[in-house]
Enquirer: 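Structure below; questions to follow.
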Protein chains: 2
Amino acid sequence: MDISVDCVIFGFDEQQLKVLLIEQKHPDQPSRSFKPQMALPGDLVKDQESFDDAAARVLMELTSLKGIYLKQFYAFGNPDRVRDLKDREWLRSFRKNPERRVVTIGYYSLIKMDDFKPKPSSFAGRVHWVDVYKVPELAFDHNEIVDRALAILRHELMADHIGFELLPEKFTLSQLQRLYEIILDKKLDKRNFRKNILRTDTVKALEEKQTGVLHKPAQLFSVKNPRTS
Amino acid sequence: MDISVDCVIFGFDEQQLKVLLIEQKHPDQPSRSFKPQMALPGDLVKDQESFDDAAARVLMELTSLKGIYLKQFYAFGNPDRVRDLKDREWLRSFRKNPERRVVTIGYYSLIKMDDFKPKPSSFAGRVHWVDVYKVPELAFDHNEIVDRALAILRHELMADHIGFELLPEKFTLSQLQRLYEIILDKKLDKRNFRKNILRTDTVKALEEKQTGVLHKPAQLFSVKNPRTS
DNA sequence: GCGACTTAGTGTAAAAATTACACTAAGTTC
DNA sequence: GAACTTAGTGTAATTTTTACACTAAGTCGC
C-alpha cells in the first residue's frame with residue numbers, strides 16, 4: 001500500500017472561488033489524441049515524511065509558496081478508487097508499482113491567487129484555475145475529494161472565520177461578503193453581513209480607501225491576526 | 001508503509017464517559033514482569049478492505065456489535081509515532097514487518113455499555129473501560145488520538161446532536177444532561193438544557209416514567225430518529 | 001404516617017443574536 | 001450636471017441565549 005496526499009488548493013478572484021487543477025502528465029504516445037486528464041495536485045508520501053510535510057512539499061513544488069493555510073480533512077481509502085480505465089493506464093505509465101493500492105490523505109489550502117507563481121513540478125503538467133462550481137470529471141475519486149473539501153471550507157468559514165487567506169492583505173467588506181456568498185452559495189444581506197463581521201472582531205479598518213473604482217470608494221480593511229502555519 | 005485503523009470506542013455509565021482500552025498482548029517471556037501496556041483497539045487494514053470496513057471489523061471482533069455509530073476523524077502520519085522503546089519491542093514481537101512504517105486512520109464510535117459483550121480477538125488482550133479523563137499513558141501516539149477524538153465528539157455533540165447512542169433506548173432528560181455535562185466538561189443549567197433539547201426536536205416523551213428511584217420519578221424519553229450506519 | 005431527603009419539572013426577564021428591510025453618499029464617465 | 005454604480009448605515013420584530021428559585025413526587029427510616 002502506498003499513501004498519497006492530494007491537495008485541494010482554493011483561490012478567489014473576486015468573481016469565483018477557484019480550485020487549482022493539473023493536467024496529468026501523459027505518455028509520449030502521439031498516436032493517441034485525447035483531452036488531457038485533469039486531476040488534483042498530489043504526490044506519494046515519502047518514507048520518513050509526515051503528511052503535513054508531504055502536502056506542504058506538493059504545494060511548494062507547484063506554487064513556490066510555503067507557510068500558507070493547509071489542513072488535513074479526510075482520508076480516502078475506498079478499494080474501488082481506481083475503477084476507470086484511464087486512471088489505470090495513467091498509473092501504469094507513471095507509477096513504479098501501478099498495481100499497488102494507493103490511499104489518499106486529503107488536504108485543502110487557501111492561497112491568494114496573486115501570490116501564485118506556477119512552477120514546473122515533477123508530478124504536474126499544465127495547471128488551471130477552475131471555477132469550483134464547474135469542475136470537470138477528474139481522475140480517480142478527485143471529484144469526491146473536491147466536494148468534501150468544499151463542505152469543510154463552508155463549515156470552517158462559519159465556525160472559525162477563515163477565508164482571509166483568499167483575499168488581498170487589504171480588502172473591502174464587500175469583497176469579503178462576496179467571498180462568503182460564493183463559498184456558501186447563497187446571497188447575504190449587506191447590512192447584516194457588515195454588522196456580523198465587525199462583531200467577530202477579526203478585521204480592522206485601515207486609514208485608506210479604495211481608489212480607481214467607478215463607484216463610491218470603499219474603506220479598506222485587513223485581518224487582525226493573520227494566521228500563519 | 002502499512003495502514004492501521006485505531007478505534008476510540010466511547011461508552012457512558014451515567015457517571016463517567018469511558019473509553020475502551022485493550023491490554024496489548026505481550027510476549028511470552030515470564031522473566032519480564034511488567035505492567036501490561038494499554039492501547040486503543042486497532043488493526044492493520046487488509047488489502048482490499050476500505051477504512052470503514054476495517055474499523056467495523058475491529059469493532060465487531062472486539063464487541064460483537066455492528067451497525068453502530070462509527071466515524072473517521074483524522075489520519076495520523078507522523079514519522080515519529082514510534083519513539084518509545086516499549087512500542088518498538090511490541091512491534092518486533094507482533095508484527096510481520098516491525099520496521100515498516102505504520103500510519104493510522106482514527107475512528108471514533110459510540111456504544112451502549114450494556115450492549116458490550118467482550119470477545120477474545122486476534123489483536124487484544126483484556127479490555128478495560130477507562131474514564132476518559134483518566135486515561136493512562138498509552139502505546140504509540142494513542143493518547144493524542146484519544147484527545148482528538150474527544151474534541152471531535154464535543155464538537156459533533158453540539159453541532160449534530162449526537163450522543164444518544166451512548167444512552168439506553170429509554171432515558172431521562174437528566175441522564176442526557178449529565179452526558180452533555182461530562183462530555184463538555186462543564187455544568188449546564190437544567191431549565192435551559194431541557195428547553196434547548198426539546199427545541200432541537202430530536203427526542204420524544206414516552207408514556208412511561210422511571211421507577212425504583214429515591215426521588216420523583218422522571219419522564220422517560222427516546223430519540224426520535226435513531227441513527228443507523 | 002410523617003419528616004427528611006433527593007431529584008424532576010417548570011417560567012420569566014434581560015440580554016444578545018438573527019432576520020428583514022431603503023435610502024443617501026461618493027466616486028467615474030460622458 | 002446627470003447617469004450610474006456600489007458603499008455605508010439603523011430600526012424593529014423575532015428568536016435565541018443567559019441567569020435564576022421553588023414545588024412535586026417518589027423512597028427510606030423512625
Side-chain angles (χ1 to χ4, degrees), chain A residues 12-16 154-155 157-161 164 167-223, chain B residues 12-16 154-155 157-161 164 167-223:
Chain A
F12 180 63
D13 71 356
E14 303 204 18
Q15 306 305 321
Q16 293 166 337
R154 285 191 178 125
H155 179 266
L157 187 70
M158 299 308 289
D160 247 358
H161 306 298
F164 299 113
L167 292 171
E169 297 226 2
K170 301 175 185 181
F171 52 85
T172 69
L173 288 189
S174 292
Q175 282 169 324
L176 185 58
Q177 176 175 349
R178 184 76 186 127
L179 176 67
Y180 268 69
E181 286 175 339
I182 289 176
I183 293 178
L184 299 175
D185 200 16
K186 73 182 194 185
K187 191 94 191 107
L188 301 172
D189 177 85
K190 178 167 37 171
R191 277 171 295 186
N192 292 332
F193 178 81
R194 295 172 70 92
K195 197 189 319 174
N196 286 334
I197 284 295
L198 294 179
R199 211 179 53 207
T200 63
D201 202 30
T202 50
V203 298
K204 64 189 168 185
L206 300 177
E207 300 205 350
E208 305 172 49
K209 292 208 172 176
Q210 206 180 18
T211 52
V213 288
L214 295 201
H215 52 74
K216 177 177 176 179
Q219 172 91 13
L220 288 172
F221 290 77
S222 68
V223 60
Chain B
F12 182 63
D13 71 358
E14 305 206 12
Q15 307 304 320
Q16 293 165 338
R154 283 189 179 127
H155 179 265
L157 187 69
M158 298 308 289
D160 249 357
H161 306 302
F164 299 112
L167 293 172
E169 299 226 359
K170 302 176 184 179
F171 52 85
T172 69
L173 287 189
S174 292
Q175 284 170 323
L176 184 58
Q177 176 174 348
R178 184 77 186 126
L179 175 68
Y180 268 69
E181 287 174 337
I182 290 179
I183 294 179
L184 299 174
D185 201 16
K186 73 183 196 185
K187 191 92 191 109
L188 300 172
D189 177 85
K190 177 166 41 170
R191 276 170 297 186
N192 291 332
F193 178 82
R194 295 174 68 92
K195 197 187 322 174
N196 285 336
I197 284 294
L198 294 178
R199 211 179 54 208
T200 64
D201 201 30
T202 51
V203 299
K204 63 188 167 186
L206 301 177
E207 299 201 352
E208 303 172 50
K209 292 209 171 176
Q210 209 180 14
T211 52
V213 286
L214 295 201
H215 52 74
K216 177 179 176 177
Q219 173 92 14
L220 289 172
F221 289 77
S222 66
V223 60

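Lettering follows sequence order; numbering is per chain, from 1. For clarity, every value in this text was computed on a predicted model and none was experimentally measured.
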Enquirer: Round to a whole Å and report the spacing from CD of B:Gln15 to P of C:dT7.
Expert: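 So the two atoms are 11 Å apart, to the nearest Å.
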Enquirer: side-chain contact (heavy atoms from CB on, under 4.5 Å) between A:Gln210 and A:His215: does it pass, once the steps are laid out?
Expert: CA-CA 10 Å; A:Gln210 206 180 18; A:His215 52 74; 3.8 Å; yes
Enquirer: What's the CZ-C1' distance between A:Arg199 and C:dA15, to the nearest Å?
Expert: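 So the CZ-C1' distance, A:Arg199 to C:dA15, works out to 12 Å.
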Enquirer: Using whole Å, what does the distance between atom C1' of nucleotide D:dG8 and atom CD1 of A:Ile197 come to?
Expert: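 It works out to 16 Å between those atoms.
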Enquirer: Select one nucleotide: of D:dT6, C:dA17, D:dA25, the one nearest the side-chain heavy atoms of A:His215.
Expert: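 Closest nucleotide to the A:His215 side chain: D:dT6.
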Enquirer: Report yes or no: is there a donor-acceptor pair, N or O only, under 3.5 Å between the side chain of B:Lys190 and the base of C:dG9?
Expert: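 Side chain to base: pair present.
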Enquirer: Nearest-Å distance, CG (B:Leu188) to P (C:dA8)?
Expert: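 Answer to the nearest Å: 14 Å.
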Enquirer: Can you check the A:Lys216 NZ to D:dT6 C1' distance for me, whole Å?
Expert: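 Atom-to-atom, A:Lys216 to D:dT6, this comes out as 9 Å.
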Enquirer: Quick one: A:Leu198 CG to C:dA17 C1', roughly how many Å, whole number?
Expert: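 Result: 15 Å.
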Enquirer: So does A:Glu181 have more than 12 non-hydrogen atoms from other groups sitting under 6.0 Å from CD?
Expert: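 Above 12, so yes.
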Enquirer: A:Leu198 and A:Phe221: side-chain contact (heavy atoms from CB on, under 4.5 Å), yes or no, with the steps?
Expert: CA-CA 11 Å; A:Leu198 294 179; A:Phe221 290 77; 4.1 Å; yes
Enquirer: Take atom CD of B:Gln219 and atom C1' of C:dT7, then tell me their distance rounded to the nearest Å.
Expert: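 Result: 15 Å.
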Enquirer: Polar atom pairs between nucleotides 18-20 of chain D and protein, under 3.5 Å, N or O only, would you list them?
Expert:
residue, atom, partner, partner atom, Å
D:dA19, N7, B:Asn192, ND2, 2.7
D:dA19, N6, B:Asn192, OD1, 3.0
D:dC20, N1, B:Arg191, NH2, 3.3
D:dC20, N3, B:Arg191, NH2, 3.1
D:dC20, N4, B:Asp189, OD2, 2.9
D:dC20, N4, B:Arg191, NE, 3.3

Enquirer: Which nucleotide sits closest to the side chain of B:Leu214: D:dC28, C:dA17, D:dA25?
Expert: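 The nucleotide sitting nearest to the side chain is D:dC28.
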Enquirer: Testing B:Val203, B:Leu206, B:Leu167 one by one against B:Ser222 for a side-chain contact (heavy atoms from CB on, under 4.5 Å), which residue passes?
Expert: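 It is B:Leu206, the one option of B:Val203, B:Leu206, B:Leu167 that forms the side-chain contact (heavy atoms from CB on, under 4.5 Å) with B:Ser222.
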Enquirer: To the nearest 0.5 Å, what is the distance between CD1 on A:Ile197 and CG on A:Leu176?
Expert: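 That separation rounds to 4.5 Å.
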Enquirer: Any side-chain N or O of B:Arg194 below 4.0 angstrom from OP1/OP2 of C:dG11?
Expert: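 Negative; the distance criterion is not met.
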Enquirer: Would you classify B:Gln210 as touching base, sugar-phosphate or nothing, given that sugar-phosphate means primed atoms plus P, OP1 and OP2, and contacts are heavy atoms under 4.0 Å?
Expert: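 B:Gln210: no heavy atom of the nucleic acid under 4.0 Å.
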Enquirer: Quick one: does B:Asp185's side chain get under 4.5 Å of B:Arg154's, heavy atoms only?
Expert: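 Yes, close enough: below the 4.5 Å cut-off.
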Enquirer: Count the heavy atoms of every other residue, nucleotide or ligand shown that sit under 6.0 Å from CD of A:Gln219, and state whether that count exceeds 12.
Expert: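 Check passes, neighbour count above 12.
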Enquirer: With a 4.0 Å cut-off on N to O distance, would you call B:Arg178 and B:Glu14 a salt bridge?
Expert: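 Salt bridge flag = no for B:Glu14 with B:Arg178.
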Enquirer: For DNA chain C, what residues of residues 167-182 of chain A have any heavy atom nearer than 4.0 Å?
Expert: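 By residue number: none to list.
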Enquirer: Among all residues two or more places apart in sequence or in another chain, which pass the ring-ring contact (aromatic ring centres under 6.0 Å, His included) test with A:His155?
Expert: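 Listed in chain order: B:His155.
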